[in-house]
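To keep things clear, I will list the structure first and then write my remarks on it.
Below, chains carry the letters A, B, ... as their sequence lines are ordered, and counting in each starts from 1.
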Amino acid sequence: MQKSHWIGEVQSGMHDGKEVELKGWVHRTRGSNKIHFIVLRDSTGTIQCVAKRDALGDDSFEDLKSSLIETSIILKGMVNVDERAPGGHEIIVSSAEVVGPVNPEKPFPITESAMENADGGETEFLLDNRHLYLRTGRMTNMLKIRSSVFGAVHSYFREREFTEYHAPSFVAGAVEGGSTLFEVPYFGRKVYLTQSWQLYAEAAMPALERLYTVAPSFRAEKSRTRRHLTEFWHAEMEIAWAGNAEVMEHGEGLVRHIARTLLDERSDELASVGRDLDLVARYADSPYPRMRYDEAVETLQGLGVDIEWGQDLDYSKEKVLTQDFEVPHFLTHYPRIAKPFYHRPDPDDEKYVLCHDLLAPEGYGEIIGGGERTWSEKEILERIDEEGTPREPYEFYIDVRRYGGVPHGGFGLGIERVCSWLSGADHIREVIPFPRDSRRVTP
RNA sequence: GCCGCUUUAGCUUAGCUGGUGGAGCAUGGGACUGUUAAUCCCAAGGUCGCCGGUUCGAACCCGGCAAGCGGCGCCA
């Protein structure tokens, strides 16, 4: 049953002049009563297959002629080099077998017109037919790009002696604000879906010292923007004996490594989805500047933006701030009052915390949030109390600090935000197969 | 939680001041021996999102509802 030949190989010239057997799906067809052209697709590409009535016989020829788009077929034939064929290669079909036919009364619904004005495929129709839309060229490219981003996250951390470590998805307490938690019934109790691996990672920090994960996180935000999902994949790291600056080094290193990996592995796919490769190369090669929160506020005030010191930077302000940025920038040292308890106050000036956000250019916004953790028992209790957060759900977190607390920190990176930004997608939904947002959970 | 927009055939859509809805693609039939989103001819396919109102008459005007989409706050 396994495949002996792949369309990508044939298009690369590997089988010129030889007989091959191709298994795939009908992408397009055209032709006449005597000669028929089938553009066959598999996961590696497409190729034109030429079927002639003379050579095939009436039965096989009629089978092929009536094969609608997305019919699965097995074709045998010679590989012919021909300028008239897209990609320069074609198959002169000698035999054909239909494996899975398509009913003409219910043809494949995703037509050229369905994608015409979709611009990334985000019409209601295409979202409803997501299970079929996945096999179209744009989605296939996006899924391959996504796969390389995951691969790059793993290779970055593993090459640097980080250990992959896993946290539960059912949790009792919140990381971010409680309003964004998904409540789940749990044998008569209520638990929540995790928003972040971080608190559990900190518990393992004294064991592993350098750890990372890639896992889904869940946030019940009703946000309807091109940057939000309720279920997203979260790459997170935690490192012992490190401060804000060292953690940031890794954030920059990781993002640049992802960009470099995409250039190495997915240039064709990036170009196919319309991405300017020079931009991706710039993001891989250029250093990312650091900017303190105070500087950002002054810059914004200079631009006439209405902002006061102490306010968090919302997207509208981020957008103004980043509009002239040519590479991602780190924003550091936010006011203590704007950030949750686990951020460590800056010993040099306790008005600030040792934290950083990485803001992507081109309006894609925040892709990393991280910083140094509050690591002493005394300080964490102060921070929890000043925030008015109940201590009970965090007992285990506080306990970690009672037995040899050390300076440490980490960050979280939104995989889909990075995929979306580096691929130049119009919407975060384009880079995940079955997107989940506040209104859509099907298909 | 808030603001805005959309809904006409399987898909993409046209439809002017209210007077019985047109097209392209897809599908079916036919023609065609090198097509490139093939082309040409023909056919079938619509309770114009749902409910109510105004009117002699509503896809169109008014009200309500629903679904979807875009955005804000918050965040990765």
Contact class for [X] vs. all strands (heavy atom < 4.0 Å): base, sugar-phosphate, or nothing?
X      : value
A:D312 : sugar-phosphate
A:N33  : base
A:T46  : nothing
A:G31  : base
A:F125 : sugar-phosphate
A:E236 : nothing
A:P86  : base
A:I69  : nothing
A:K106 : nothing

Distance criterion of 3.5 Å, no angle test: do you see the side chain of [X] paired donor-to-acceptor with the base of [N]?
X      : N      : result
A:E90  : B:rG34 : yes
A:R226 : B:rC69 : no
A:Q48  : B:rU35 : yes

Point to revise | A:E202 side chain to A:Y397 side chain, donor-acceptor N/O pair below 3.5 angstrom | key: yes
Check your understanding: Does the pair A:E366/A:R227 count as a salt bridge with the N-to-O cut at 4.0 Å?
Key ->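 No, this pair does not count.
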Check your understanding: Does A:E362 come within less than 4.0 Å of A:R275, counting only side-chain N to carboxylate O?
Key ->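 Looking at A:E362 and A:R275, the cut-off is met.
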Taking only side-chain nitrogens and oxygens of [X], does any of them come within less than 4.0 Å of OP1 or OP2 of [N]?
X      : N      : value
A:H27  : B:rA37 : no
A:K222 : B:rG1  : yes
A:R28  : B:rA37 : no
A:R30  : B:rA26 : no
A:R440 : B:rC69 : yes

**Study point:** Residue closer to the 5' end of RNA chain B, A:I92 versus A:F108 (nearest nucleotide)
**Key:**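 Its nearest nucleotide being more 5', the pick is A:F108.
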Review point. If you pin A:R224 and A:I368 to their nearest nucleotides in RNA chain B, which one's is more 5'?
Key: A:R224
Point to revise | Test salt bridge (charged side-chain N to carboxylate O under 4.0 Å, His left out) applied to A:E70 and A:R41, A:R28, A:K106, the passing residue | key: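 It is A:R41; the other options fail the test.
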Check your understanding: Has A:F232 got its ring stacked on B:rA76, by the test of a centre gap below 5.5 Å and a plane angle below 30°?
Key ->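 Aromatic stack with B:rA76 present for A:F232.
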